[in-house]
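Okay, so here's the structure we're looking at.
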Amino acid sequence: MSFWRLVALLLIVGGIGFGLWGGLYSTLDWWKLKRRVADEEKAIVRLEAEIDSLTAWAAALEIFGAAAGRVGARSWRSSSAG
């Protein structure tokens with residue numbers, strides 16, 4: 001193997017090594033961060049669905065809650081009166 005081929009091989013191996021583990025954030029760190037971002041995005045979608053269902057539930061309580069309260073009050077009065 002000639003000297004220049006050895007130099008080229010060392011530069012290539014060094015470049016790959018620096019690309020994987022060198023710098024402020026290594027490639028492995030970026031992969032971990034991308035995985036975390038994907039997990040957080042899934043959690044956001046799940047929470048948005050929960051918020052939507054709770055919003056619908058709150059709206060139903062506003063509509064039917066007053067009627068349920070009146071029915072409950074009447075049944076409590078009738079059971080305590082008697």
Task: Point-to-point distance, once rounded to the nearest 0.5 Å, from CG of Asp39 to NZ of Lys34 - done: 13.0 Å
Task: Inter-residue atom distance Glu40.CD - Leu33.CG, 0.5 Å rounding - done: 11.5 Å
Check for me, please, whether [X] and [Y] land in the same ILVMFWY cluster - side-chain distances under 4.5 Å, paths through other members count.
X: Leu28; Y: Val37; value: no
X: Ile44; Y: Ile51; value: no
X: Leu11; Y: Phe3; value: yes
X: Trp4; Y: Val13; value: no

